Enquirer: 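One structure, as structure tokens, below. Some questions next.
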Amino acid sequence: MSYEHDARRPGSEAFAAALRDAVNARDVTLSWLQRQLKARGNRVSMATLSYWRSGARRPEGAQSMAALADIEQLLELADGALTRLLRSTNRTGPLGPNQFPLDEEELERAVIEAFRALGAPYPDTSRELTTHSVTDVGPDGNVFFTITRSIVQSTVGTITSIPFLEINPGVPTPPPLLSAVSGGRIAARYSHPDGEVHGALFELDRPLTAPDTAVVEWSVEYPPDYPATRDTGHALAQKCRELLVWTRFHPDAVPDWCEEHVETPEGITITPIELTGGTSVHLVRRAFGPGALGVHWGYGPRE
């Protein structure tokens, strides 16, 4: 999913021209490029690639920007050679409130302590523009792996790192393994003494000066001694253009019931989700936040 607009905007022509030149210099076709991207896990249609090359559209979503990074490698370009041509149109726009997404003061205090321990300012001066969070559920019905891809933006000054936290209100847990997949490295880790907040400092590949953006990807693995967990989601301190929460169940652990949880500083809304024979559920929200979007599931009668 991505934000792609038909209208031409400043920078689109320069990007399109550079993409055309790179394709011609490499002496390849868009069909070849699409096949190579598909092999790398980036499914971009021929129509989309054609739009990018002509300048009719431009890549802006998390998936599109990840594909663009692969295109730079496939066309033997320097990192950022195409991406930087899109920066001129970045703008923070209306930022809206930056506030703790959950209505829990004690938990927010623990988060502030985590930020301080990681050497990060609170509140964070970056924001997520587009985030895709994918969770895999094992045959026992519990979460075992989550991977998140996000376009992040500096809103004030220059940032070199971003704190990412795992929060489990009311449930002390051992620290899960947070790992950097792409876009940077883990520079520091922290676990709050109450066991409800664990975090890592994600050091970016390059500094971001407002309103620059970057694509980052990180994963979370849950150890064998982690408490049984049958909920997942993503929380935002500021409004996000698009948030996707995709939960994929093992074929032997498709739940009997499932619920959507939306939590904001004003309260919680719970809505049943109909399972129609598939093995996954996905939630999408646009212009969402501050708040948390999550999925909760179970087996047998709803307790």
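These values consider heavy atoms only, across backbone and side chains, with no hydrogens, waters or symmetry-generated copies. These numbers come from a predicted model, not from an experiment.
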Enquirer: Establish, from distance only, whether the side-chain atoms of Glu259 and His261 form a donor-acceptor pair under 3.5 Å.
Expert: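 His261 and Glu259 do have a side-chain donor-acceptor pair below 3.5 Å.
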Enquirer: Using side-chain heavy atoms (C-beta onward) and a distance below 4.5 Å, is Leu177 in contact with Arg189?
Expert: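 They are in contact (side-chain heavy atoms under 4.5 Å apart), so the answer is yes.
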Enquirer: Do Leu19 and Leu75 pass the side-chain contact (heavy atoms from CB on, under 4.5 Å) test, and can you show the C-alpha distance, the side-chain angles, and the key distance before you say yes or no?
Expert: CA-CA 9 Å; Leu19 179 59; Leu75 297 181; 4.0 Å; yes
Enquirer: How far does OG1 of Thr155 sit from CG of Leu208, to the nearest 0.5 angstrom?
Expert: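 Thr155 OG1 to Leu208 CG: 11.0 Å, rounded to 0.5 Å.
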Enquirer: Just wondering, do Glu260 and Leu293 contact through their side chains at under 4.5 Å, heavy atoms?
Expert: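 Yes, at least one pair of side-chain atoms sits under 4.5 Å.
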Enquirer: Can you check whether Leu49 reaches Ile71 side chain to side chain, under 4.5 Å on heavy atoms?
Expert: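 Result yes, sub-4.5 Å side-chain heavy-atom pair found.
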Enquirer: So, the side chain of Glu196 versus the backbone of Gly170: is there a donor-acceptor pair under 3.5 Å, distance only?
Expert: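 Yes, the answer is positive, given that a donor and an acceptor are paired below the 3.5 Å cut-off.
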Enquirer: State whether the side chain of Glu113 and the backbone N or O of His192 hold a donor-acceptor pair below 3.5 Å, judged by distance alone.
Expert: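 No, because the side chain of Glu113 does not come within donor-acceptor range (under 3.5 Å) of the backbone of His192.
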Enquirer: Answer yes or no: is there a donor N or O on one side and an acceptor on the other, between the side chain of Thr229 and the main chain of Pro227, under 3.5 Å?
Expert: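 Pair found, side chain donor or acceptor close to backbone of Pro227.
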Enquirer: Between the side chain of Tyr299 and the main-chain N/O of Ala253, is any donor-acceptor distance below 3.5 Å?
Expert: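 Looks like yes, one N/O pair under 3.5 Å.
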Enquirer: Check Ile167 against Leu107 and note the closest heavy-atom contact, atom names and distance.
Expert: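 Of all heavy-atom pairs spanning Ile167 and Leu107, the closest is CG2-CD2, 3.4 Å.
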Enquirer: Quick one: do Val254 and Val134 end up in the same hydrophobic cluster if we chain Ile, Leu, Val, Met, Phe, Trp and Tyr together by side-chain heavy atoms under 4.5 Å apart?
Expert: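 No, because Val254 and Val134 fall into different hydrophobic clusters, even though each may have its own neighbours under 4.5 Å.
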Enquirer: Please report the closest heavy-atom contact between Arg206 and Thr213, naming both atoms and the distance.
Expert: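 Scanning both residues, the minimum pair turns out to be NH2-O, 2.8 Å.
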Enquirer: For the hydrophobic clusters of this structure (ILVMFWY residues joined by side-chain heavy atoms under 4.5 Å, transitively), does one cluster hold both Leu30 and Val28?
Expert: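 Yes, one cluster joins them.
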Enquirer: Is the shortest side-chain heavy-atom distance between Tyr190 and Arg116 below 4.5 Å?
Expert: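 Heavy-atom side-chain distance check fails, nothing below 4.5 Å.
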Enquirer: Is the closest side-chain donor-acceptor distance between Thr135 and Thr146 under 3.5 Å?
Expert: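 Side chains of Thr135 and Thr146: pair found under 3.5 Å.
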Enquirer: Quick one: does any side-chain atom of Glu203 pair with a main-chain N or O of Thr160 as donor and acceptor, under 3.5 Å?
Expert: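 Pair absent, no side-chain N/O of Glu203 close to backbone of Thr160.
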Enquirer: Can any side-chain N or O of His198 pair as donor or acceptor with the backbone N or O of Leu178 at less than 3.5 Å?
Expert: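 Between the backbone of Leu178 and the side chain of His198 there is no qualifying donor-acceptor contact (under 3.5 Å).
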Enquirer: Would you confirm whether Ser150, through its side chain, and Thr130, through its main-chain N or O, come within 3.5 Å as a donor-acceptor pair?
Expert: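 Checked: pair present.
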Enquirer: To the nearest 0.5 angstrom, please state how far the CD atom of Gln34 sits from the OG atom of Ser45.
Expert: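 The distance works out to 7.0 Å.
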Enquirer: When hydrophobic residues are tied together by side-chain contacts of less than 4.5 Å, even through go-betweens, does Tyr222 share a cluster with Val171?
Expert: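 Different clusters.
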Enquirer: Can you tell me how far apart CZ (Arg285) and CG (Leu236) are? Round to the nearest 0.5 Å.
Expert: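 If we round to the nearest 0.5 Å, Arg285:CZ and Leu236:CG are 12.0 Å apart.
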Enquirer: Considering only heavy atoms from C-beta outward, does the side chain of Leu275 approach that of Pro255 to under 4.5 Å?
Expert: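 Leu275 reaches Pro255 side chain to side chain.
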Enquirer: Which heavy-atom pair separates Phe202 from Glu217 by the least distance, and what is that distance?
Expert: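 Shortest heavy-atom separation between Phe202 and Glu217 comes out as CE1-O, 3.7 Å.
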Enquirer: Does any N or O in the side chain of Ser50 come within less than 3.5 Å of the main-chain N or O of Met46, such that one atom is a donor and the other an acceptor?
Expert: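 No; judged by distance alone, with no hydrogens or angles, the pair does not exist.
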Enquirer: Are Arg149 and Thr131 close enough, and set up right, to give a side-chain contact (heavy atoms from CB on, under 4.5 Å), and what steps lead you there?
Expert: CA-CA 6 Å; Arg149 177 184 291 168; Thr131 293; over 6 Å; no
Enquirer: To the nearest 0.5 Å, what is the distance between CG (Asp212) and OG (Ser126)?
Expert: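 Going from CG on Asp212 over to OG on Ser126, the span is 13.0 Å.
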Enquirer: Should we count CG of Asp225 as having more than 12 external heavy atoms under 6.0 Å?
Expert: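 It does: Asp225 CG has more than 12 such atoms within range.
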Enquirer: Using the rule given for side-chain contact (heavy atoms from CB on, under 4.5 Å), can you reason through Tyr122 versus Val111, listing the C-alpha separation, both sets of side-chain angles and the distance that settles it, and then say yes or no?
Expert: CA-CA 9 Å; Tyr122 184 87; Val111 167; 4.0 Å; yes
Enquirer: Within the structure provided, determine whether Trp257 and His296 are in side-chain contact (heavy-atom separation under 4.5 Å).
Expert: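 Yes. Closest side-chain heavy atoms under 4.5 Å.
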Enquirer: For Leu74 versus Trp32, what's the shortest heavy-atom pair and its separation?
Expert: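 It is O-CH2, 4.0 Å.
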Enquirer: Assess, by modelled atom type and distance only, whether the side chains of Glu221 and Ser179 contain a donor and an acceptor separated by less than 3.5 Å.
Expert: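 Checked: Glu221/Ser179 side chains show no N/O donor-acceptor pair below 3.5 Å.
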Enquirer: Quick one: are Leu118 and Leu165 in side-chain contact, heavy atoms under 4.5 Å?
Expert: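 Counting from C-beta outward, Leu118 and Leu165 do come under 4.5 Å.
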Enquirer: Contact between Val137 and His250 at the side-chain level, heavy atoms closer than 4.5 Å - yes or no?
Expert: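 With C-beta onward as the side chain, the pair stays apart.
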Enquirer: Decide yes or no on side-chain contact (heavy atoms from CB on, under 4.5 Å) for Asn168 and Tyr226, but give the supporting numbers first.
Expert: CA-CA 11 Å; Asn168 301 283; Tyr226 204 82; 3.0 Å; yes
Enquirer: Got a donor-acceptor contact below 3.5 angstrom from the Glu72 side chain to the Thr83 backbone?
Expert: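 Yes, Glu72 side chain to Thr83 backbone: donor-acceptor pair under 3.5 Å.
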Enquirer: Locate the shortest heavy-atom distance separating Leu201 from Pro163; write the atom from each residue and the value.
Expert: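 Of all heavy-atom pairs spanning Leu201 and Pro163, the closest is CD1-N, 4.0 Å.
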Enquirer: Looking at every non-hydrogen atom in both residues, tell me the closest pair between Pro59 and Leu68 and how far apart they are.
Expert: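 Heavy atoms of Pro59 and Leu68 come nearest at CG-CD2, 4.0 Å.
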Enquirer: CZ/Arg53 to CZ/Arg20 distance, rounded to the nearest 0.5 angstrom?
Expert: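 The CZ atom of Arg53 sits 8.5 Å away from the CZ atom of Arg20.
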Enquirer: Take the angle between the ring planes of Phe249 and Trp297 and call it parallel below 30°, perpendicular above 60°, tilted in between.
Expert: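 Plane angle over 60°, so perpendicular.
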Enquirer: Between the main-chain N or O of Gly300 and the side-chain N or O of Asp256, is there a donor-acceptor pair closer than 3.5 Å?
Expert: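 Side chain of Asp256 to backbone of Gly300, a donor-acceptor pair under 3.5 Å: yes, one is there.
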Enquirer: For the atom pair NE2 (His282) and OG (Ser133), what is the distance rounded to the nearest 0.5 Å?
Expert: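 Between His282 NE2 and Ser133 OG, I get 14.0 Å after rounding to 0.5 Å.
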Enquirer: Among Gln238, Lys239, Gln153, His234, which residue meets the side-chain hydrogen bond (donor to acceptor under 3.5 Å, both in side chains) test with Glu128?
Expert: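 Considering Gln238, Lys239, Gln153, His234, a side-chain hydrogen bond (donor to acceptor under 3.5 Å, both in side chains) with Glu128 is found only for His234.
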